[in-house]
Amino acid sequence: QVQLVESGGGLVQPGESLTLSCAAAGSIFSIYRMGWYRQAPGKQRELVATITSGGSTNYADSVKGRFTISRDNAKNTVFLQMNSLKPEDTAVYYCNSNLWLKNEPGIVEYWGQGTLVTVSE
């Protein structure tokens with residue numbers, strides 16, 4: 001019913017920047033929150049940043065001051081601007097959304113397929 005399509009991953013060197021985007025499409029009535037999570041090899045998936053429809057943001061301590069999350073409500077799209085990237089930022093980044101579907105009650109959660117970000121010399 002809903003697809004989250006991510007783009008923007010790739011290979012960058014330490015200190016460089018990268019922007020991820022995620023567009024939600026489908027039978028969407030309204031989106032409450034969108035965000036990004038990441039999973040590094042051998043580690044659990046962790047929160048990176050989230051943003052509500054009202055613009056309230058939440059960041060992991062490890063990315064505060066380096067990453068910025070934003071969204072275009074009209075296009076159901078969320079962005080993650082990543083600056084000063086470090087090797088420890090290497091992970092698969094997953095888009096996440098909590099939303100209301102058309103003609104169905106309650107909030108449901110969706111995940112994207114993930115996009116790989118590699119930070120290496």
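Residue numbers count from 1 along this sequence.
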**Message:** Just verifying a value: how many Å separate I31 CD1 and L4 CG, rounded to the nearest 0.5 Å?
**Reply:** 7.5 Å

**Prompt:** Judged by atom type as modelled, is there a donor-acceptor pair below 3.5 Å linking the side chain of E104 to the main-chain atoms of L101?
**Reply:** no

**Request:** State, to 0.1 Å, how close Q39 and K43 come at their nearest heavy-atom pair, and which atoms those are.
**Result:** NE2-O, 3.1 Å

**Message:** In this structure, would F29 and I107 fall into the same cluster of hydrophobic residues linked by side-chain contacts under 4.5 Å?
**Reply:** yes

**Request:** Give a yes or no answer on whether the side chain of N73 reaches the backbone of S53 with a donor-acceptor pair at less than 3.5 Å.
**Result:** yes

**Asked** Say you draw a straight line from OG1 of T50 to CZ of R33; how long is it, rounded to the nearest 0.5 Å?
**Response** 5.5 Å

**Asked** If we only count heavy atoms from C-beta on, is the N96 to E109 side-chain gap below 4.5 Å?
**Response** yes

**Prompt:** Side chains of D72 and T77: do they bring a donor and an acceptor to under 3.5 Å?
**Reply:** no

**Item:** Test item: D89 and R38 side chains (from C-beta on) under 4.5 Å apart, heavy atoms
**Value:** yes

**Asked** What's the shortest heavy-atom distance between A49 and L80, and which atoms?
**Response** CB-CD1, 4.3 Å

**Message:** Here's a test for you: under side chain to side chain contact (heavy atoms under 4.5 Å, CB included), which of L47, I51, T68 qualifies with Y59?
**Reply:** T68

**Asked** Is the backbone N or O of L99 less than 3.5 Å from a side-chain atom of S97, with the two atoms forming a donor-acceptor pair by type?
**Response** no

**Asked** Between OG of S27 and CG of N103, what distance do you get to the nearest 0.5 Å?
**Response** 6.5 Å

**Request:** Look at atom CD of E88 and say whether more than 12 heavy atoms of other residues, nucleotides or ligands are closer to it than 6.0 Å.
**Result:** yes

**Prompt:** Honestly curious: do M82 and Y94 fall in one hydrophobic cluster under the side-chain, below-4.5 Å linking rule?
**Reply:** no

**Transitive ILVMFWY side-chain link L11 to L116, under 4.5 Å** = no

**Request:** Please work out whether the ring planes of W100 and Y32 are parallel, tilted or perpendicular, with thresholds of 30° and 60°.
**Result:** perpendicular

**Message:** Is it the case that the ring center of W111 lies less than 6.0 angstrom away from the ring center of Y37?
**Reply:** yes

**Request:** Evaluate side-chain contact (heavy atoms from CB on, under 4.5 Å) for R71 paired with I69, printing each intermediate quantity in order.
**Result:** CA-CA 7 Å; R71 64 187 281 179; I69 190 169; over 6 Å; no

**Asked** Got a donor-acceptor contact below 3.5 angstrom from the E6 side chain to the C95 backbone?
**Response** yes

**Message:** Nearest 0.5 angstrom please: C22 SG to Y93 OH, how far?
**Reply:** 15.0 Å

**Item:** Student check: side-chain heavy atoms of S21 and Q81 closer than 4.5 Å
**Value:** no

**Fill in**
CG (N98) and OG (S30) are apart, to the nearest 0.5 Å, by 11.5 Å

**Prompt:** Around Q3, counting heavy atoms of other residues, nucleotides and ligands shown, do more than 12 lie under 6.0 Å from its CD?
**Reply:** no

**Item:** Close side-chain approach of L20 and F79, heavy atoms under 4.5 Å
**Value:** no

**Message:** Is the shortest side-chain heavy-atom distance between V117 and L18 below 4.5 Å?
**Reply:** yes

**Request:** Determine whether S120 and T90 make a side-chain contact, defined as any pair of heavy atoms from C-beta on separated by less than 4.5 Å.
**Result:** no

**Asked** Would you say the side chain of Q1 lies within less than 4.5 Å of the side chain of Y110, judging by non-hydrogen atoms?
**Response** yes

**Prompt:** In terms of hydrophobic clusters joined by side-chain contacts under 4.5 Å, are L85 and V92 together?
**Reply:** no

**Asked** Is there a side-chain contact between P14 and P87 (heavy atoms, below 4.5 Å)?
**Response** yes

**Salt-bridge criterion met for K64 and D61 (N-O under 4.0 Å)** = yes

